2 protein chains.
Amino acid sequence: MKMSPKVESFVYHFGEMGSKWGFNRTVGQIYALLVVSDQSLNANQIGEALSISRGNVSMGIKELQSWQLINLKHIPGDRKEYYSPKGTIWEMANRVFEERRKREVDPTLTLLRNLQLDEANDDAEVYAQGKMREIHDLLETITQWSAELQRLDPAKLHTLMKLGAGISKVLSIKDQFIKPKKDSNKDS
Amino acid sequence: MKMSPKVESFVYHFGEMGSKWGFNRTVGQIYALLVVSDQSLNANQIGEALSISRGNVSMGIKELQSWQLINLKHIPGDRKEYYSPKGTIWEMANRVFEERRKREVDPTLTLLRNLQLDEANDDAEVYAQGKMREIHDLLETITQWSAELQRLDPAKLHTLMKLGAGISKVLSIKDQFIKPKKDSNKDS
DNA sequence: TTAAACTTTCAGAAATTACTGAAACTTCAG
DNA sequence: CTGAAGTTTCAGTAATTTCTGAAAGTTTAA
């Protein structure tokens, strides 16, 4: 398993990107390699292509499984396990967002809610709690929207997104239909 | 400068979060501290509150400036510089997205485009280029949408977001208005 | 059962990233 | 100017994260 120069630069670049997106360089490289390979690969092939140890491949695979990003396949007459990316690229992006939400955003929301419950002891704490509430609301809003995005059919959503107008036109249409209720959101 | 227990757990938590969002623990802590403080703080106060060295504070401040996340203020009769967070929380989130786009997504798009330009040498490369194109299109779509989001008035957008319906209703409304053109998107 | 073929685990080593603190630099009042 | 009050830089050190490879574990064909 030798990578072609194109695949190689793709894989190395996505190793670096991966490390900014929640998994380490090697994990990013393994996933990138699987995505651009037209066939499933076994652990030895992966290790050989990326020049990393067998143990490291195994850990990387495990990590990708915890993100639900890969499929495992058995080829008849071969005892090795073969790996391939699960779902489309779009589904992959969704899954990464979703997983990070669970791992990072949810615990933050819990913390912020708990800190709200504590009575403030002085003005400084009142101010701090106000800011924490702003952050809480922002995170919750983003979470809700992204949850709804994920409930849509990916192919349809993709088409809609590419279709043209973009979100500002969408929102202006929404505006004409959904009139703000009188004084129904005192906060913010 | 001693942090209250509430502020302390908030600050430490956001230090950890920060390290998953593109800056290191200390930078996250400094920003979190400034956000919940009702007054601007100078470098000594920050260092004391977080128990970090003067040099580290300086590096953190510099990093936050490169993300355009803080303001600098001079208090008459005091030669120290005082720092406070710039803009609202929502603007902060926008700025972080925007900055990461510039630093991470744009170079990726460039790479992917360059790899497209190279003629494929065999079937495997044709397959790989196809996948790279999918990733390119996904990133570009996300980029466009987020750019449009940022062009909207933040306050209005926030209100709209909290208003109710959510994106799926918005999209179904859009659907009724914008009919797909006949066969106009052969790709995807 | 057994043993060959494969996968996983994990302690220690290597690589990377972050932090300290002293020295260099800057600014400004007198 | 001068020097006191402040900020920044950066070489060396510390902390953290990642990787290796040998040993332990698992699976399956015979």
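Protein chains get the first letters and strands the later ones, always in sequence-line order, with residue 1 at the start of each. Remember, it's a predicted structure, so these values are computed and weren't measured experimentally.
Computed from coordinates, the B/Asn44 CG to D/dA5 P distance equals 13 Å when rounded to whole Å. As rounded to whole Å, 17 Å separates atom P of C/dT17 from atom CD of B/Glu16. As rounded to whole Å, 19 Å separates atom P of C/dC25 from atom CD of B/Glu81. In this structure, A/Ile46 atom CD1 and D/dC19 atom P are separated by 14 Å, rounded to whole Å. Between the P atom of C/dT17 and the NZ atom of B/Lys20 lies a distance of 16 Å, rounded to the nearest Å. In this structure, A/Lys73 places its NZ atom 19 Å from C1' of C/dC6, rounding to the nearest Å. Atom CG in A/Leu72 sits roughly 14 Å away from atom C1' in C/dT8 (whole-Å rounding). With rounding to whole Å, B/Gln45 atom CD is found 14 Å from D/dG6 atom C1'.
Remark on DNA chain D: of its neighbouring residues A/Val27 and A/His74, the 5'-side contact belongs to A/Val27, judged by nearest-heavy-atom nucleotide. Nearer the 5' end of DNA chain C, as judged by each residue's closest nucleotide, is the contact made by A/Arg79, out of A/Arg79 and A/Lys62. Heavy-atom nearest nucleotides on DNA chain D were determined for B/Tyr82 and for A/Asn56, and the one closer to the 5' end corresponds to B/Tyr82. With DNA chain C read from its 5' end, the first of the two nearest nucleotides for B/Ile52 and A/Arg25 is the one closest to A/Arg25.
Using a 4.5 Å cut-off between side-chain heavy atoms of Ile, Leu, Val, Met, Phe, Trp and Tyr, with links allowed through other members, B/Val11 and A/Tyr127 fall into different hydrophobic clusters.
The side chain of B/Asp78 lies closest to D/dG6 when the candidates are D/dG21, D/dT8, D/dG6. Distance from the side chain of B/Met59 is smallest to C/dT20 among D/dG21, C/dT20, C/dT9.
Annotation: the span from A/Asn42 atom CG to A/His74 atom NE2 amounts to 12.0 Å, rounded to 0.5 Å. Annotation: the span from B/Gln129 atom CD to B/Arg133 atom CZ amounts to 10.5 Å, rounded to 0.5 Å.
Side-chain nitrogen and oxygen atoms of B/Arg54 include at least one within less than 4.0 Å of the OP1 or OP2 phosphate oxygen of D/dT7. Checking the phosphate oxygens (OP1, OP2) of D/dC19, a side-chain nitrogen or oxygen of A/Thr26 falls inside 4.0 Å. The side chain of B/Asn24 places an N or O atom within less than 4.0 Å of a non-bridging phosphate oxygen (OP1 or OP2) of C/dC19.
No more than 12 heavy-atom neighbours from other residues, nucleotides or ligands sit within 6.0 angstrom of CG on B/Asp123.
Closest of all the heavy-atom pairs between A/Val36 and A/Phe10 is CG1-CE2, 3.3 Å.
Heavy atoms of B/Ile61 sit nowhere under 4.0 angstrom from any nucleic acid atom.
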